[in-house]
**Student:** 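Encoded as structure tokens, here's the structure I'll be asking about.
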Amino acid sequence: MPGRRIGPRKRLALELFSGLYADKVREHRLDTLFWECTLRCNLACRHCGSDCRTDPGVKDMPAEDFLRVLDEEVTPHVDPAGVLVILSGGEVLVRDDLERIGSEIARRGYPWGMVTNGLALTPERLHGLIRAGLRTISVSLDGFEREHNRIRRNPASFARAMDAVRHIVREPELAFDVVTCVTEPLVPQLEAFRDRLVAEGVRHWRLFSIFPAGRAKGDGTLRLTDAGFRTLLDFIRRTRREGRIDASYACEGFLGGYEAEVRDHFYQCAAGVSVASVRVDGSISGCTSIRANFHQGNIYRDRFWEVWQSRFERFRDREWMRRGVCAGCGVFRFCRGGGMHLRDDDGELLCCHYNRL
């Protein structure tokens, strides 16, 4: 199929990139640290991989516990200016102490950012977070009002998220992007939605598709058809060539002939390689989208830096993924089995993007 074809020049570039990625794995220099500071949320989105809700039954991690990890386990081994701390949830804005947390992280020399659905991001809250050192922010916006509110299950969600984007655009010191979950109803509207974002002043746009995990596991209406998926990638490639907005597909999996045409770089999964996370219960993992049984330790019983240096074997050596559909795949050396978050609790692949092309 056309999307799977990899020309000789691109194949050579992929071979070279694979060698560079192997070097990165060996070095495993930490450059991004997620803190899942809460599982509480002011929405109950249809596609949530964490099944977050107003009262998830899991307490927020005390700020002091995470700051202790920074002070005792991370700062002695890194240049704080070179490690981005990203606060995630749940919805981070439900924490009343978010500004204090941000100030403490910034005081230690770390740049920090956050991911939000925008529902509670008032101008006053945004300015307080900027004063607390906020450097980067991602806002979820999943299409026009009908599509967005259906996914987010809140009639005010689209308007609030769009207002949040407008507030952020006025703050030139902030690096930000809009993140869009693309479902089948949005596919024929992608060009119109892109034009809306451009008109609002958005410069960076990250798009992704749903895979069957969390709430989305039982809702097939959220997932793109293979044809819709290819249409999405064609749209991103075309949009990048036009240059009015920096559109890119998320870091989910290898995309064959689309590689380096729908992202700024060839596919790689940085989880456990340059990206780590501290989950709300103290678990140490790669990115926060990965299943719980891939956790490598816990800050309440293990030393974070020792875990980062000596564990993460399943993240850094992906040969165990050569099974099932990956067993005889001719592009495994480029894909390395796909993103870790695309694996279920038993390590089986939930979705192969390459096979959809």
Side-chain angles (χ1 to χ4, degrees), residues 1-4 43-50 115-118 138-154 157-158 161-162 164-165 176-200 202-242 244-259 261-264 267 287 289 338-339 341-342 350-357:
M1 300 176 75
R4 299 182 69 181
L43 292 175
C45 303
R46 294 179 184 275
H47 66 305
C48 182
S50 301
V115 181
T116 179
N117 60 39
S138 295
V139 179
S140 298
L141 196 58
D142 300 320
F144 291 108
E145 186 168 14
R146 181 177 179 178
E147 291 73 32
H148 179 93
N149 287 349
R150 175 183 176 273
I151 293 173
R152 300 289 165 173
R153 299 204 284 200
N154 184 306
S157 180
F158 175 81
M162 187 59 74
V165 168
F176 85 97
D177 64 358
V178 165
V179 183
T180 298
C181 163
V182 180
T183 53
E184 200 67 28
L186 181 58
V187 172
Q189 303 180 70
L190 282 169
E191 293 193 2
F193 189 57
R194 174 201 60 203
D195 294 346
R196 175 70 179 272
L197 294 180
V198 171
E200 295 287 351
V202 176
R203 296 183 178 180
H204 303 282
W205 185 23
R206 189 158 32 106
L207 303 97
F208 70 99
S209 56
I210 290 296
F211 57 95
R215 290 195 187 107
K217 186 175 183 179
D219 189 347
T221 67
L222 294 173
R223 297 195 289 277
L224 291 177
T225 63
D226 290 352
F229 183 64
R230 292 191 294 269
T231 298
L232 168 61
L233 296 182
D234 287 334
F235 164 78
I236 295 174
R237 179 166 58 187
R238 187 169 62 251
T239 296
R240 289 173 66 86
R241 289 171 178 170
E242 291 172 358
R244 291 190 295 145
I245 187 171
D246 176 24
S248 64
Y249 189 73
C251 58
E252 290 178 357
F254 181 72
L255 299 174
Y258 290 97
E259 283 297 317
E261 297 181 29
V262 295
R263 302 186 187 102
D264 291 339
Y267 167 74
C287 77
S289 298
H341 68 288
L342 295 178
L350 292 168
C351 176
C352 175
H353 291 348
Y354 179 68
N355 280 340
R356 304 177 71 186
L357 301 178

**Student:** Please tell me if the side chains of R196 and M162 come closer than 4.5 Å, counting only heavy atoms from C-beta onward.
**Tutor:**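 When only atoms from C-beta onward are counted, M162 and R196 do touch, with a gap below 4.5 Å.
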
**Student:** What verdict does the ring-ring contact (aromatic ring centres under 6.0 Å, His included) test give for F158 and F144, after you've listed the backbone C-alpha separation in whole Å, the side-chain angles of each residue and the deciding distance to 0.1 Å?
**Tutor:** CA-CA 7 Å; F158 175 81; F144 291 108; 7.2 Å; no

**Student:** Return the minimal non-hydrogen interatomic distance between P188 and P185, and the atom names on each side.
**Tutor:** CD-O, 3.5 Å

**Student:** Is there a donor in the side chain of S248 and an acceptor in the side chain of W205, or the other way round, less than 3.5 Å apart?
**Tutor:** no

**Student:** With a 3.5 Å distance limit and no angle check, can you tell me whether R230 reaches the backbone of R356 through a side-chain donor-acceptor pair?
**Tutor:** yes

**Student:** Hey, could you give me the CG/OG distance between D142 and S157, rounded to the nearest 0.5 Å?
**Tutor:**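 Taking CG in D142 and OG in S157, the distance rounds to 8.0 Å.
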
**Student:** Between N117 and S140, does any side-chain donor sit less than 3.5 Å from a side-chain acceptor?
**Tutor:** no

**Student:** Applying salt bridge (Lys or Arg N to Asp or Glu O under 4.0 Å), run through R223 and E184 and close with a yes or a no.
**Tutor:** CA-CA 7 Å; R223 297 195 289 277; E184 200 67 28; over 6 Å; no

**Student:** Say you draw a straight line from NE2 of H148 to SG of C181; how long is it, rounded to the nearest 0.5 Å?
**Tutor:** 10.5 Å

**Student:** D246 and D264: side chain to side chain contact (heavy atoms under 4.5 Å, CB included), yes or no, with the steps?
**Tutor:** CA-CA 9 Å; D246 176 24; D264 291 339; 4.1 Å; yes

**Student:** Quick one: does any side-chain atom of E259 pair with a main-chain N or O of L255 as donor and acceptor, under 3.5 Å?
**Tutor:** yes

**Student:** Can you tell me how far apart CG (D234) and CG (L190) are? Round to the nearest 0.5 Å.
**Tutor:**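 That separation rounds to 11.0 Å.
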
**Student:** With a cut-off of 6.0 Å (strictly less than), are more than 12 heavy atoms of other residues, nucleotides or ligands near CZ of R244?
**Tutor:** yes

**Student:** Find the distance between CG (L357) and CG (L233) and round it off to the nearest 0.5 Å.
**Tutor:**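 Output value for this atom pair is 6.5 Å.
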
**Student:** Just by modelled atom types, is the A247 backbone N or O under 3.5 Å from a matching donor or acceptor in the R240 side chain?
**Tutor:** yes

**Student:** Could you measure the distance from the SG atom of C251 to the NE2 atom of H341? Nearest 0.5 Å is fine.
**Tutor:**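 So the gap between those two atoms works out to 6.0 Å.
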
**Student:** Tell me, please, which residues at least two apart from R194 pass salt bridge (Lys or Arg N to Asp or Glu O under 4.0 Å).
**Tutor:** E242

**Student:** Using the six-membered ring wherever Trp is involved, compare the ring planes of F229 and H353 and label them parallel, tilted or perpendicular (cut-offs 30° and 60°).
**Tutor:**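 Ring orientation of F229 relative to H353: tilted.
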
**Student:** Could you tell me whether the side chains of S138 and R206 share a donor-acceptor contact shorter than 3.5 Å?
**Tutor:**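 Yes.
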
**Student:** So do E252 and S209 actually touch side chain to side chain, heavy atoms under 4.5 Å?
**Tutor:**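 Heavy-atom side-chain distance check passes, below 4.5 Å.
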
**Student:** Side-chain contact, heavy-atom cut-off 4.5 Å: V178 with V165?
**Tutor:**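 Side chain of V178 against side chain of V165, heavy atoms only: contact under 4.5 Å found.
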
**Student:** Going through the distances and angles, do N154 and N149 end up as a side chain to side chain contact (heavy atoms under 4.5 Å, CB included)?
**Tutor:** CA-CA 6 Å; N154 184 306; N149 287 349; 5.9 Å; no

**Student:** Main chain of V182, side chain of T180: is a donor-acceptor contact present, judged purely on distance under 3.5 Å?
**Tutor:**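 No, the answer is negative, given that no donor and acceptor are paired below the 3.5 Å cut-off.
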
**Student:** Step by step, would you call L141 with V179 a side chain to side chain contact (heavy atoms under 4.5 Å, CB included)?
**Tutor:** CA-CA 6 Å; L141 196 58; V179 183; over 6 Å; no

**Student:** Between E147 and Q189, does the side chain to side chain contact (heavy atoms under 4.5 Å, CB included) criterion hold? Intermediate values first, please.
**Tutor:** CA-CA 10 Å; E147 291 73 32; Q189 303 180 70; 3.0 Å; yes

**Student:** Tell me whether R263 forms a cation-pi arrangement with Y249, defined as NZ or CZ under 6.0 Å from the six-membered ring centre and within 45 degrees of its axis.
**Tutor:**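 No, cation not above the ring by the 6.0 Å, 45° rule.
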
**Student:** Please tell me if the side chains of L224 and I210 come closer than 4.5 Å, counting only heavy atoms from C-beta onward.
**Tutor:**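 Not in contact.
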
**Student:** OH/Y267 to CZ/F254 distance, rounded to the nearest 0.5 angstrom?
**Tutor:**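 It is 10.0 Å, given to the nearest 0.5 Å.
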
**Student:** Do the non-hydrogen side-chain atoms of H204 and F176 ever get within less than 4.5 Å of each other?
**Tutor:** no

